[in-house]
Amino acid sequence: MALPSVNPTKTPSWKKLEHHFNEVKYLKMKDLFAQDSERANKFTTTWDDFYLDFSKNRITDDTFKYLLELAEDVKLKEAIESQFSGEKINQTEGRAVLHTALRAPESATVIVDGENVIPEVYKVRRKIESFTNEIVNGERKGYTGKPFTHVVNIGIGGSDLGPAMVVDALQYYKNHLTTYFVSNVDGDHVNEVIKKLDPETTLFVIVSKTFTTQETISNANTLKSWFLESGNEEDIAKHFVAVSTNLDAVSNFGIDSNNIFPMWDWVGGRFSLWSAVGLSISLAVGYDNYASLLEGAHKMDKHFQNETFESNIPVVLGLISIWYNNFFNAESEAIIAYSQYLYQFATYLQQGIMESNGKSVDRNGNSVDYQTGTLIWGEPGTNSQHAFFQLIHQGTKLIPADFIGFVKSLHGNQDHQDKLTSNFLAQTEALLNGKTKAQVLAEGTKESIVPFKIFEGNKPTNTIFIQKLSPESLGKLIAMYEHKIFVQGVIWNIFSYDQFGVELGKQLASKILKEFSGEEKNKHDSSTSNLLTYYKENL
Ligand code: F6P
């Protein structure tokens with residue numbers, strides 16, 4: 001069964017929202033708070049160790065009601081069931097979308113093409129577990145008999161961003177292995193990493209779903225050549241492993257068939273950290289922590305699948321984001337995590353969100369006449385307060401923001417934690433209330449300076465307060481955003497699981513590369529021609 005295909009703008013709820021928007025667009029949130037002492041309680045939902053306060057949004061009871069009706073009108077419930085049950089909802093590529101199956105319990109049944117995929121998933125998980133234990137415990141050794149000390153993940157996009165973000169986010173839980181990530185085809189990236197490696201004690205994990213990606217294969221070949229300056233061809237089997245769906249290409253690279261960790265075409269690259277793509281995570285933090293990460297994601301899956309929409313965290317976040325994107329015409333959303341551990345979180349989400357929902361053709365093949373995917377950006381607090389918060393507070397753009405914080409710190413330094421949390425809470429309060437002329441004057445500000453010190457306020461935020469950063473809560477948080485992506489894709493009536501938009505640039509790059517070697521001569525626009533000549537002449 002395909003996903004329902006409903007033009008959201010033609011639904012009764014959308015019409016209601018359009019009309020309603022004109023009535024509420026100038027409302028001040030602080031007035032709404034003053035009028036309703038229950039507002040914060042009403043627009044807060046708690047689940048497990050998550051506390052979501054979405055009361056600091058430009059919504060009223062009616063807004064929320066109509067948004068929930070929109071979810072019904074586009075048949076979101078049906079769509080969720082189609083995804084979880086293994087329907088081929090990635091219609092443009094004829095594939096199921098089953099990252100959720102990767103974290104389902106062993107007792108689950110998820111059928112794809114008539115076969116239950118769960119036994120295969122657990123076979124690979126066992127392989128990840130035993131391989132991880134052998135490397136971490138030093139039982140598996142390098143070609144000179146030394147235990148491994150370094151792991152290099154070679155991959156790009158979904159084969160890099162997820163594992164890199166998680167390994168960093170969970171560094172508190174990390175073991176003795178040092179982990180590096182090589183992604184960019186910029187040779188300076190791989191060469192800087194090589195400087196830190198010893199071939200005798202380094203394990204290379206090549207991660208590529210297709211095993212054809214230019215960046216990954218180039219980096220893998222460079223690292224293989226570097227390795228062969230010390231080791232022999234037969235030593236490659238000890239030092240190189242691969243994660244891929246393309247088993248033939250992996251074998252051709254020279255990797256031992258026992259060292260291949262398979263994945264499946266129903267796992268999208270940007271949703272793949274739950275598959276063997278997460279091998280570097282398991283190696284870095286140990287299999288049990290990796291399993292907890294997956295368990296957390298599974299708990300969020302259950303919440304998403306079963307919770308009524310009004311208290312369903314990914315649904316609520318998805319709907320609020322639609323409200324700003326499609327009615328207030330907000331172009332971007334900021335993700336501000338008050339944890340230095342999450343400093344790669346926004347970068348990671350950029351691929352997840354923008355590669356998925358950066359589409360302009362609907363599920364019937366027609367160009368859309370409404371806005372889709374939001375721009376995502378962000379940096380951790382408090383650093384970002386000293387970088388771009390000025391624009392959020394006093395700039396001309398409306399930038400809804402998710403504030404993510406943790407009640408407990410990991411190292412237990414309460415003085416720092418109190419300061420961090422006071423900033424976390426103060427910012428959303430400041431964005432809500434702003435500062436009036438009267439307040440500025442009361443501070444004794446010189447008349448001529450007053451306009452510059454006024455803060456309009458009324459800037460929307462969601463607060464996601466989580467007990468503690470752990471493998472499990474991180475799994476929940478990532479899955480929360482994955483499901484938000486899904487909710488929005490369903491509402492916008494687009495296909496969220498292909499990424500044809502990244503192909504054109506790749507094709508042209510391979511043509512230009514052939515021109516450098518003189519293999520091809522192509523016609524270009526005059527700008528590209530000049531740039532090409534400039535490069536060749538100045539090499
Ligand atoms: O850039 C497009 C893309 O296909 C991403 O979706 C994917 O995560 C990345 O390239 C890497 O692909 P692969 O794992 O096949 O090397």
Inset, instruction - Locate the shortest heavy-atom distance separating Phe240 from Ala220; write the atom from each residue and the value. - result: CE2-O, 4.4 Å
Inset, instruction - Check whether any side-chain heavy atom of Gln214 sits under 4.5 Å from a side-chain heavy atom of Ser218, and report yes or no. - result: yes
Legend entry - Main-chain N/O of Gly518 paired to Lys521 side chain as donor or acceptor, under 3.5 Å: no
Legend entry - For Val117 against Ala101, the heavy-atom pair lying closest together: CG2-CB, 4.2 Å
Legend entry - Steps toward ring pair (Phe, Tyr, Trp, His ring centres under 6.0 Å) verdict (Tyr338, Phe406): CA-CA 7 Å; Tyr338 277 69; Phe406 298 92; over 10 Å; no
Inset, instruction - Identify the heavy atoms of Gly475 and Trp274 that sit nearest to each other, and give their distance. - result: O-CH2, 3.8 Å
Inset, instruction - Verify ring pair (Phe, Tyr, Trp, His ring centres under 6.0 Å) between His20 and Trp323, making sure each step is shown before the conclusion. - result: CA-CA 11 Å; His20 171 71; Trp323 178 232; 5.8 Å; yes
Inset, instruction - Might you work through the side-chain contact (heavy atoms from CB on, under 4.5 Å) test for Phe204 and Leu197, ending with a clear yes or no? - result: CA-CA 11 Å; Phe204 298 96; Leu197 301 178; 4.1 Å; yes
Legend entry - From CD1 (Ile485) to CD (Glu355), nearest 0.5 Å: 10.0 Å
Inset, instruction - Please check if the side chain of His393 supplies one atom and the backbone of Gly457 the other of a donor-acceptor pair under 3.5 Å. - result: no
Legend entry - Lys224 to Phe253, cation-pi by 6.0 Å centre distance and 45° axis angle: yes
Inset, instruction - Decide yes or no for Ser321 and Thr374: does some side-chain heavy atom of the first lie under 4.5 Å from some side-chain heavy atom of the second? - result: yes
Legend entry - Heavy-atom pair with the smallest gap, counting every atom of Thr245 and Met263: CG2-O, 3.2 Å
Inset, instruction - Return yes if a side-chain donor-acceptor contact under 3.5 Å exists between Asn423 and Thr382, otherwise no. - result: no
Legend entry - Lys397 atom NZ: more than 12 heavy-atom contacts under 6.0 Å: no
Inset, instruction - Begin with the C-alpha distance, continue with both residues' side-chain angles, and end with the deciding distance and a verdict on side-chain hydrogen bond (donor to acceptor under 3.5 Å, both in side chains) for Asn7 and Thr9. - result: CA-CA 6 Å; Asn7 180 336; Thr9 65; 2.7 Å; yes
Inset, instruction - Determine whether the side chains of Asn326 and Trp492 contain a donor N or O and an acceptor N or O closer than 3.5 Å. - result: yes
Inset, instruction - Start with the C-alpha gap between Phe486 and Phe84, add the side-chain angles, then the distance that decides, and say whether ring pair (Phe, Tyr, Trp, His ring centres under 6.0 Å) holds. - result: CA-CA 12 Å; Phe486 177 83; Phe84 277 85; 7.9 Å; no
Inset, instruction - May I ask you to test the Leu27-Arg58 pair for a side-chain heavy-atom distance under 4.5 Å? - result: no
Legend entry - Val315 and Lys484, any side-chain heavy atoms less than 4.5 Å apart: no
Inset, instruction - Give a yes or no on whether the ring-centroid distance for Tyr481 and Phe345 is below 6.0 angstrom. - result: yes
Inset, instruction - Can you see which heavy atom on Asp498 is nearest to which on Phe500, and at what distance? - result: OD2-CE1, 3.3 Å
Inset, instruction - Please tell me if the side chains of Gln83 and His99 come closer than 4.5 Å, counting only heavy atoms from C-beta onward. - result: yes
Legend entry - Pairwise side-chain contact, Ile399 with Tyr324, heavy-atom cut-off 4.5 Å (strictly under): no
Inset, instruction - Decide, yes or no, whether a salt bridge links Glu482 with Arg103 under the criterion of side-chain N to carboxylate O below 4.0 Å. - result: yes
Inset, instruction - May I ask you to test the Asp402-Ile464 pair for a side-chain heavy-atom distance under 4.5 Å? - result: yes
Legend entry - Within the 6.0 Å centroid threshold, strictly below: Phe21 and Trp14: no
Legend entry - Short side-chain donor-acceptor distance under 3.5 Å, Gln394 and Gln390: yes
Inset, instruction - Please determine, by modelled atom types, if Asp525 and Thr528 share a side-chain donor-acceptor pair under 3.5 angstrom. - result: yes
Legend entry - side-chain hydrogen bond (donor to acceptor under 3.5 Å, both in side chains) between Asn184 and Glu215, intermediate numbers included: CA-CA 6 Å; Asn184 203 324; Glu215 291 90 336; over 6 Å; no
Legend entry - Pair Asp168 + Lys174, salt bridge at N-O below 4.0 Å: no
Inset, instruction - Indicate yes or no for a side-chain donor-acceptor contact from Asn90 to the backbone of Tyr497 under 3.5 Å, with no hydrogens or angles considered. - result: yes
Inset, instruction - Compute whether any side-chain donor of one residue and acceptor of the other, for Glu515 and Asn522, lie under 3.5 angstrom apart. - result: yes
Legend entry - His483 and Asp301, any side-chain heavy atoms less than 4.5 Å apart: yes
Inset, instruction - Would you please say whether a donor-acceptor pair under 3.5 Å links the side chains of His524 and Asn530? - result: no
Legend entry - Approximate separation, where rounding is to 0.5 Å, of Leu161 CG and Tyr348 OH: 8.5 Å
Inset, instruction - Decide whether Thr149 and Thr201 meet the rule of one side-chain donor and one side-chain acceptor closer than 3.5 Å. - result: yes
Inset, instruction - For Val285 and Tyr290, work out which heavy atoms get closest and say how close. - result: CG2-N, 4.2 Å
Legend entry - Short side-chain to backbone donor-acceptor contact, Ser244 and Lys209, under 3.5 Å: yes
